[in-house]
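Working notes, structure below.
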Amino acid sequence: MLSSEQKAIWRKRLKSPTALFFLSALVTWPILTKLEAFEVFYEFSRTHESWEIDEIALLVINLTIALGASVWYKSRKLKRISEVRESERERAEQNARHDPLTGLINRRAFYEILEQASFAGVASDAAQFVGLVDLDRFKPVNDVHGHAAGDFALCTVADRLREEVGHGGHVARLGGDEFVILFAPEMNAADVERAARRILWNVAEPVPFDGLSILVGASIGLVQWDSALGLSEMMRRADHALYQVKFSGRGCFAWYDCDADQQALERAEIATELKSAVQNDIITPFYQPIVNIGTGELVGFEVLARWIHPTRGNIPPFTFISIAEDNGLIGKLGVSLLRQACVDAANWPEALSISFNVSPIQFRDAALVESTKNVLNETGFQPERLTIEITESSVIDDVNVARPKIEAFKALGIQIALDDFGTGYSSLSCLRSLPFDRIKIDRSFVTDISTHQQNQQIVSGILSLAKGLDLDVTAEGIETSDDLAYLQGSSCSLGQGFYFEKPIPADQISWLLETEWAEHRVLLPPAVKAVG
Ligand code: C2E
Ligand code: MG
Ligand code: MG
């Protein structure tokens, strides 16, 4: 028996031109004999002796045979090369359509399937559903247990998804820890929800790896596949649904919500305009009077940011401030507003102060004290006329981080007010341990206080607390003379609200100071009841 190597050597030898020549001669000799070709050649050569035709003929025959053999050999070789190329092409095609780690189809293949499903869906008028799956807590798996563990977890999740999706559906890995499912065409929305619940449950099952128990979870955004919208829009919607889940706590599924999407799109549009609005001081301070409710004296103004947009109208501060925070613009916005407010207030009587809001994220900015100081230096506004309003959420996370900042403000001569008191944690230890000058009772406890017994109790409690801690109190949201009358005579010294004035732009302040507030006083109703 010949070994495989020997066989290969013989195969090579047999394919050499010499061997092929002899072989082809062996094959063609009897054929030529049969056809009496030699007699023909003999006769021809005899009659054309001078031509030495027999040698020429023999040469031609041999050359023809050698050429034929060579062509046959070459064609076989070419065939083999094209077979190899074909199989390489198939392998490349397979790789181009599959995720090498999990073996699932990839984004490209999934999109092709979606396109086909869209044709089928249009034809059958049946709804089909897509689910975008993103793993929760996957990054720590890689970070803590290493990439081998991460890869294993991904493969396990892929298997679990494949199993759940079954024959009629498709599952693909889009990349990283993101997967996508096209549910089977016969599944309705309720079936899809049930499947989504099972997927969440199965994916959350521990993944055993190398004696470890790896824990990941999943969030799923669901959307009904609508071919009219096109692929990228559908995937964007699924992504939005997924984002909603991630935002609201993970580990569950959510359907695409058109209203929430519109809001998110609007926020994105506002975010793109916000930068230039901040740079160009388009967002301006409005001012709401703060009044001594015992004497009617005007003591100052709260600075409230206003963005009056040419097409969107008045964009509320709650909207653009959170967008500014999300986009890293809150620091610049704060500086722009404070500078404008200091320039405006520098023209008012010195007795009038301004109260400036600082959001929790703004408060975390390490440069806040420095930038405030710079604005004061730049504008020449006295720090003693400035109060910074912060909310409890600014300080509750870490009182020890908040304290040096508050102390730094106080060292500059700036006062600190705790805004919206009562709506947050109302932490007494925070009140005791931080050097606040004033608390502002949230308007939800003040508006309608004259008729609302529970609010009366709460406000009374806050007032006695503030008195005990020697803090000033401002009541926000005084809307009626009854509310004001109720608070008068109490230990609440300051108030603000629509009863006195709504927030107004800077150019109305001088008019206001010259007319109805000329004496820095408003006409107050007689006190009806005292609290606190
Ligand atoms: P805030 O600091 O508690 O401001 C008081 C809010 O109550 C203001 O709303 C004011 O217009 C409103 N208000 C005042 N009196 C009354 C009243 O009698 N009735 C009613 N219904 N509302 C009254 P605004 O201007 O929409 O501001 C909302 C919040 O946005 C502010 O709450 C503050 O937290 C934030 N904010 C406003 N301007 C700025 C700013 O320049 N920077 C920062 N970081 N936050 C700001
Ligand atoms: Mg405020
Ligand atoms: Mg407030």
Side-chain angles (χ1 to χ4, degrees), residues 274 277-278 281-291 293 300-308 313-342 344-345 353-365 368 371-372 375 386-394 415-424 426 436-450 455 459 462 472-484 486-487 494-506 522:
L274 187 62
V278 170
D281 291 347
I282 304 285
I283 299 174
T284 56
F286 272 43
Y287 302 95
Q288 184 177 39
I290 301 172
V291 178
I293 60 171
F301 296 91
E302 177 168 6
V303 180
L304 294 161
R306 291 290 179 268
W307 186 3
I308 297 155
N314 189 4
I315 303 175
F318 274 131
T319 304
F320 65 78
I321 281 171
S322 72
I323 296 174
E325 287 174 342
D326 291 349
N327 291 274
L329 289 168
I330 190 67
K332 286 202 173 99
L333 175 60
V335 167
S336 155
L337 285 165
L338 183 63
R339 188 183 292 118
Q340 295 180 68
C342 289
D344 290 339
S353 62
I354 55 170
S355 215
F356 188 78
N357 291 287
V358 169
S359 76
I361 291 185
Q362 204 174 349
F363 189 73
R364 266 184 244 152
D365 182 358
L368 179 68
S371 62
T372 306
V375 172
L386 175 65
T387 299
I388 297 283
E389 293 189 10
I390 57 175
T391 54
E392 283 165 279
S393 31
S394 295
Q415 298 198 5
I416 306 290
L418 187 57
D419 202 2
D420 303 343
F421 190 76
T423 55
S426 304
F436 293 112
D437 296 285
R438 181 173 310 118
I439 55 178
K440 297 186 78 172
I441 308 177
D442 190 71
R443 73 163 189 266
S444 55
F445 304 112
V446 174
T447 306
D448 291 337
I449 190 168
S450 60
N455 280 356
V459 169
I462 296 174
D472 279 350
V473 180
T474 307
E476 295 184 298
I478 300 172
E479 288 189 351
T480 63
S481 58
D482 286 348
D483 296 339
L484 175 62
Y486 189 87
L487 290 164
L494 302 171
Q496 65 184 97
F498 293 172
Y499 173 75
F500 302 113
E501 201 73 64
K502 287 192 172 175
I504 51 170
V522 273

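Whatever order the structure lists them in is the order used to number ligands and atoms, beginning at 1.
- Among Ile361, Val446, Leu337, Ile321, the residue whose heavy atom sits closest to atom 46 (C) of ligand 1 is Ile321.
- Of the N or O atoms in Glu479, one or more lie within a sub-3.5 Å distance of an N or O in ligand 1.
- The protein heavy atom nearest to atom 44 (N) of ligand 1 is Gln362 OE1, 3.1 Å.
- An N or O contact shorter than 3.5 Å links Ala305 to ligand 1 by distance.
- At a cut-off of 3.5 Å, with distance as the only test, a side-chain donor of Thr480 or Asp483 sits close to an acceptor on the other residue.
- A salt bridge is defined here as a Lys NZ or Arg NE, NH1 or NH2 lying under 4.0 Å from an Asp or Glu carboxylate O, and Lys440 with Glu302 meets this definition.
- If you look at Lys440 next to ligand 1, there are no close heavy atoms at all, none under 4.0 Å.
- How far CD1 of Ile416 is from CG of Leu386: 8.0 Å, rounded to the nearest 0.5 Å.
- Between Phe498 and ligand 1, at least one pair of N/O atoms sits closer than 3.5 Å.
- Shown here, atom 9 (O) of ligand 1 is out of close reach of the protein: none of its heavy atoms lies under 4.0 Å off.
- Here the protein contributes Asp419 OD1, Asp420 OD1, Glu476 OE1, Glu476 OE2 as N, O or S atoms under 2.8 Å from the Mg ion (ligand 3).
- The proximity of Leu333 to ligand 1, defined as any non-hydrogen pair under 4.0 Å, does not occur for either the backbone or the side chain.
- The distance from ligand 1 to the heavy atoms of Asp419 drops below 4.0 Å at these ligand atoms: 1 (P), 2 (O), 3 (O).
- At least one heavy atom of Arg306 lies less than 4.0 angstrom from ligand 1.
- If you check each of Asn357, Ile478, Thr319, Asp483 against atom 42 (N) of ligand 1, the one with the closest non-hydrogen atom is Asn357.
- Look at Glu302 and you'll find a heavy atom under 4.0 Å from some atom of ligand 1.
- Residues that satisfy the salt bridge (Lys or Arg N to Asp or Glu O under 4.0 Å) test with Glu325, not counting sequence neighbours, are absent from this structure.
- Comparing Phe363, Tyr499, Phe318, Phe286 against atom 32 (O) of ligand 1, the shortest heavy-atom distance belongs to Phe318.
- Among the heteroatoms counted here (N, O or S) of Glu302, OE2 is the one nearest to the Mg ion (ligand 2).
- Near Asp420, the atoms of ligand 1 lying under 4.0 angstrom from a non-hydrogen atom of the residue are 3 (O).
- Comparing Ala417, Gly497, Pro360, Pro317 against atom 27 (O) of ligand 1, the shortest heavy-atom distance belongs to Pro317.
- Under a 3.5 Å cut-off, the side chain of Thr447 and the backbone N or O of Arg443 do form a donor-acceptor pair.
- Look at Gln496 and you'll find every heavy atom at least 4.0 Å from all atoms of ligand 1.
- Taking only nitrogen or oxygen atoms, main chain and side chain alike, Arg443 reaches within less than 3.5 Å of ligand 1.
- Residue contacts with ligand 1, taken as heavy atom pairs separated by less than 4.0 Å, involve Ser359 via backbone and side-chain atoms alike.
- Contact annotation: Gly477 has at least one heavy atom less than 4.0 Å from an atom of ligand 1.
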